[in-house]
Amino acid sequence: MTSIIPSSASEDLRASFLAFRHAVFERHEFDAIARFLHPDFSSSSPMLRGRGPAMYADFARLLLAGLPDLRPLEQVVLVEGTQLMAMTRWAGTHTGNFLGAPPTGRALHFATADRYETKDGLLLRHWDVVDRLEASIEAGLLRRVAP
């Protein structure tokens, strides 16, 4: 049987990513973004247009305006070489505009699958899949279908 032991580089990248998420989404330290994102950072997400840490800071501010207490409930982070994959379940209280919906005061939940390519220990490129169905129902944008 072969055992796979994480390398210190993989563990360092994983720890850096978790520190990034903590700084931005739990502590709202937008100035910290430049420490974690490559100057040429880009994303394929329709929510993230442009390049660089300033673009990501604008996105984070917009997201946190609608869900100021947004936090990851569960994160699974896998690292292989310079690639990182994060599967996250998020929660936050809807006290500002979010998904085009006015504040409801309700708890919203959604899940993301984020893939990153890194360079020099920094996040360089990003791809994501976001499951907004639960949040859309909780925000009143969609109704559950009765059984």
Side-chain angles (χ1 to χ4, degrees), residues 4 6 10-147:
I4 299 175
S10 293
E11 286 302 309
D12 289 349
L13 186 55
R14 182 180 187 283
S16 178
F17 178 76
L18 291 172
F20 161 67
R21 285 258 176 106
H22 180 74
V24 176
F25 294 105
E26 295 181 61
R27 299 181 58 98
H28 300 189
E29 295 174 356
F30 304 113
D31 292 341
I33 292 170
R35 291 196 323 256
F36 300 100
L37 269 61
H38 193 278
D40 292 328
F41 176 83
S42 65
S43 176
S44 68
S45 173
M47 298 288 290
L48 293 162
R49 290 295 173 219
R51 287 192 173 275
M55 171 269 300
Y56 193 91
D58 290 345
F59 161 74
R61 284 185 186 97
L62 180 68
L63 189 59
L64 290 165
L67 303 167
D69 63 346
L70 180 67
R71 68 211 171 278
L73 296 178
E74 179 183 1
Q75 296 186 86
V76 176
V77 179
L78 306 171
V79 177
E80 184 174 325
T82 61
Q83 304 292 312
L84 183 144
M85 183 74 187
M87 306 292 288
T88 310
R89 180 157 164 72
W90 299 87
T93 308
H94 185 206
T95 59
N97 188 40
F98 182 70
L99 297 175
T104 63
R106 297 179 187 146
L108 302 187
H109 301 84
F110 61 96
T112 59
D114 295 281
R115 179 178 162 234
Y116 294 89
E117 177 185 331
T118 67
K119 181 178 180 182
D120 303 325
L122 300 173
L123 302 174
L124 176 65
R125 294 194 63 212
H126 170 253
W127 300 262
D128 68 355
V129 176
V130 181
D131 180 353
R132 295 181 186 96
L133 179 60
E134 188 175 2
S136 295
I137 292 169
E138 292 166 340
L141 297 172
L142 298 173
R143 290 183 301 131
R144 290 193 192 278
V145 177

After noting the C-alpha distance and the side-chain angles of Trp127 and Glu117, does the key distance pass the side chain to side chain contact (heavy atoms under 4.5 Å, CB included) rule?
-> CA-CA 9 Å; Trp127 300 262; Glu117 177 185 331; 3.8 Å; yes

Stepwise side chain to side chain contact (heavy atoms under 4.5 Å, CB included) test for Thr118 and Leu124 = CA-CA 5 Å; Thr118 67; Leu124 176 65; 5.8 Å; no

Step by step, work out the side chain to side chain contact (heavy atoms under 4.5 Å, CB included) result for Phe41 and Leu122.
-> CA-CA 9 Å; Phe41 176 83; Leu122 300 173; over 6 Å; no

Give the C-alpha distance, both sets of side-chain angles, the deciding distance and a yes or no for side chain to side chain contact (heavy atoms under 4.5 Å, CB included) between Phe59 and Ile33.
-> CA-CA 11 Å; Phe59 161 74; Ile33 292 170; over 6 Å; no

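Screening residues 55-65 for salt bridge (Lys or Arg N to Asp or Glu O under 4.0 Å), with sequence neighbours left out, gives Asp58-Arg61. Under the side chain to side chain donor-acceptor pair (under 3.5 Å) criterion, the residue pairs touching residues 100-116 are Arg21-Asp114, Gln83-Arg115, Trp90-Thr112, His94-Thr104, His109-Glu138, Thr112-Asp114, Asp114-His126, with sequence neighbours excluded.
Take Arg144 and apply the side chain to side chain contact (heavy atoms under 4.5 Å, CB included) test, not counting sequence neighbours, and it matches Ile137.
In this structure a side-chain-to-backbone donor-acceptor pair under 3.5 Å is missing from Asp69 to Arg71. Distance alone, capped at 3.5 Å, places no donor-acceptor pair between the Arg89 side chain and the Ala111 backbone. Formation of a donor-acceptor pair under 3.5 Å by the His28 side chain with backbone atoms of Pro68 is found in this model. Of the possible donor and acceptor atoms, one in the side chain of Ser45 sits under 3.5 Å from a partner among the backbone N and O of Met47.
If you take CG on Leu123 and CG on Asp40, they are separated by 13.0 Å, rounding to the nearest 0.5 Å. In this structure, the separation between CD on Glu74 and CE on Met87 is 9.5 Å, given to the nearest 0.5 Å. Summarising the geometry, atom OG belonging to Ser42 is positioned 4.5 Å from atom CZ belonging to Arg51; distances are rounded to the nearest 0.5 Å. Taken to the nearest 0.5 Å, the OG atom of Ser16 stands 9.0 Å off from the CZ atom of Arg35.
Between Gly105 and Thr93, the shortest heavy-atom distance links the atoms O-CG2, 3.6 Å. Residues Gln75 and Phe17 share a closest heavy-atom pair of OE1-CE2, 4.3 Å. Residue Met55 comes nearest to Arg49 through the heavy atom pair CG-O, 2.9 Å, listed as atom of the first residue, atom of the second, then distance. Of all heavy-atom pairs spanning Leu13 and Gly81, the tightest one is CD2-O, 4.1 Å. Shown here for Leu64 and Val24, the closest heavy-atom pair between the two residues is CD1-O, 3.6 Å. Closest heavy-atom contact between Ala86 and Val77: CB-CG2, 4.2 Å.
Looking at Leu70 and Phe98, their side chains never come closer than 4.5 Å, going by heavy atoms from C-beta outward.
Using the six-membered ring where Trp is involved, Phe25 and Tyr56 have ring planes that are perpendicular, over 60° apart on the 30 and 60° scheme.
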